[in-house]
Amino acid sequence: MKLTEKILQLKKQKNAVLLAHYYVDGQLQDIADFVGDSLQLSQEASKTNAEIIVFIGVYFMAETAKIISPSKKVLIPDVEAKCSLADSCNAQEFAEFLKQYPNHTVISYVNTSAEVKALSHYICTSSNAVKLVESLPQNEKIVFAPDKNLGNYINSQTNREMILWDGACHVHQEFSLEKILQIKRENPEALLLSHPECKKPILLISDFIGSTTALLNFSQKSKATKFIVATESGILHQMKKSCPEKTFIPAPPEGECACNECNFMKINTLEKVYRCLETEKPEINLSTEIIEKAILPIRRMLNF
Ligand code: 13P
Ligand code: SF4
């Protein structure tokens, strides 16, 4: 039997659900029950009836699923699937940082550890960050962590001056403005679609900015037929699948590589998914104390 068939059989036997992020390999997206962006995946984790959730993405996403559904067994194919952005915000250092800003509302991006979430009032994702900040009074004092690019973008869209933690993602930070401008010159009809974790100069020349799902939806609805995509190249799998007649060019980073991949997302393989379903390991375990604290800002986001 092929590995994919074995996975699907085991999944059925164990009443498990496979949730995958758009950035993992296409063959993993194709076996998943649900593929989505961070917000959709946490919403899916909150409503699934499955006993086991296999999170094919990165650690903070699986951890968020566990916080949302503590009675379920949450598995991750490889615990080394971390996130450079989440890792750029250490909880102890963040707690120290927050001491400088009493009376501030703390909004953390979902790309954070459970401990950082536990220090926050709200969690947001790239698809609801601007709306969430807009819903707060204009004069509310806000600390935003950990992505400074997303934070700057929200500030520009909402006319705020949120205090920003100095973190970034190793993928989105690296896109080359010069190379993108060159591609635009060679393909003047192409639209530039960017994730808000990209640096400001990239966002300034973008035709559309949004979460991975928003970029995908835009590419489907747009009359344009060519797109330069400034986010992790895994999203191109769904873009090409839903619009095979359109052309998608991955935005290049600085350096030699022609595309841009998240080495943490790409650590997931079919083999690891199979092994994790079979052995029911590695499992995400969190203390009740952390779950009780971290669920509050997540619930505020899900209710919002
Ligand atoms: P989304 O919120 O678009 O899923 O992005 C998650 C992420 O990790 C971006 O790098
Ligand atoms: Fe984290 Fe960046 Fe990978 Fe997204 S692409 S999971 S922010 S390291």
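Numbering of ligands and ligand atoms starts at 1, following listing order. Just so it is clear, the values below take in all heavy atoms, side chains as well, and ignore hydrogens, waters and symmetry mates. Just so we're clear, the structure is a prediction, and the values are computed from it rather than from any experiment.
The protein heavy-atom contact nearest to atom 2 (O) of ligand 1 is S126 OG, 2.7 Å. Remark: minimum distance from atom 3 (Fe) of ligand 2 to any protein heavy atom is reached at C262 SG, 2.4 Å. Protein heavy atom closest to atom 5 (O) of ligand 1, with residue, atom name and distance, is H195 NE2, 3.2 Å. Of all protein heavy atoms, the one lying nearest to atom 7 (S) of ligand 2 is N111 ND2, 3.2 Å. In terms of protein heavy-atom proximity, atom 9 (C) of ligand 1 is nearest to E197 OE2, 3.0 Å. From the protein, the heavy atom lying nearest to atom 4 (Fe) of ligand 2 is Y23 CE1, 3.8 Å. Annotation: atom 2 (Fe) of ligand 2 to nearest protein heavy atom, C169 SG, 2.3 Å. S38 OG, 3.3 Å is the protein heavy atom nearest to atom 6 (C) of ligand 1.
For D37 and T213, the side-chain atoms include at least one donor-acceptor pair closer than 3.5 Å. For the residue pair T125/S127, the side-chain donor-acceptor check at 3.5 Å is satisfied. Side chains of K200 and N152: no donor on one and acceptor on the other come within 3.5 Å. One side chain, S242 or Q220, offers a donor N or O that lies under 3.5 Å from an acceptor on the other. A donor-acceptor contact closer than 3.5 angstrom is absent between the side chains of Q40 and E44. For the 3.5 Å distance criterion, the side chains of S233 and N260 fail to qualify, holding no donor opposite an acceptor.
Cluster annotation: F94 is not connected to L85 through the hydrophobic network of ILVMFWY side chains, with a link wherever side-chain heavy atoms come within less than 4.5 Å.
The distance from ligand 1 to the heavy atoms of Y23 drops below 4.0 Å at these ligand atoms: 7 (C), 8 (O), 9 (C), 10 (O). Atoms of ligand 1 found under 4.0 Å from any heavy atom of S211 (numbered from 1 in listed order, with element): 3 (O). Heavy-atom contacts of T212 reach the following atoms of ligand 1: 1 (P), 3 (O), 4 (O) (cutoff under 4.0 Å). Heavy-atom contacts of S84 reach the following atoms of ligand 2: 8 (S) (cutoff under 4.0 Å).
Because the distance cut-off is set at 2.8 Å, H170 fails to qualify as a neighbour of atom 3 (Fe) of ligand 2, as none of its N, O or S atoms comes that close.
Ligand 1 lies within reach of H21, whose nearest heavy atom is under 4.0 Å from it. Not close to ligand 1: E232, with no non-hydrogen atom less than 4.0 angstrom away. In this structure, H21 has no heavy atom closer than 4.0 Å to ligand 2.
With atom 1 (Fe) of ligand 2 as the reference point, the heavy atom nearest to it among S126, G234, C83, G167 is part of C83.
With a 4.0 Å heavy-atom cut-off, ligand 1 is reached by the side chain of N111 but not by its N, CA, C or O. Counting heavy atoms under 4.0 Å from ligand 1, residue Y22 does not touch it at all.
Put simply, the residue from D147, T231, N149 that forms a side chain to side chain donor-acceptor pair (under 3.5 Å) with H172 is T231.
The aromatic ring centres of F97 and W165 sit less than 6.0 Å apart.
In the displayed structure, E5 atom CD is contacted under 6.0 Å by more than 12 heavy atoms of other residues, nucleotides or ligands.
Using a 4.0 Å cut-off between charged nitrogen and carboxylate oxygen, K14 and E280 count as a salt-bridge pair.
Both tests do not hold together for K82 against Y59: distance to the six-membered ring centre under 6.0 Å, angle to the ring axis within 45°.
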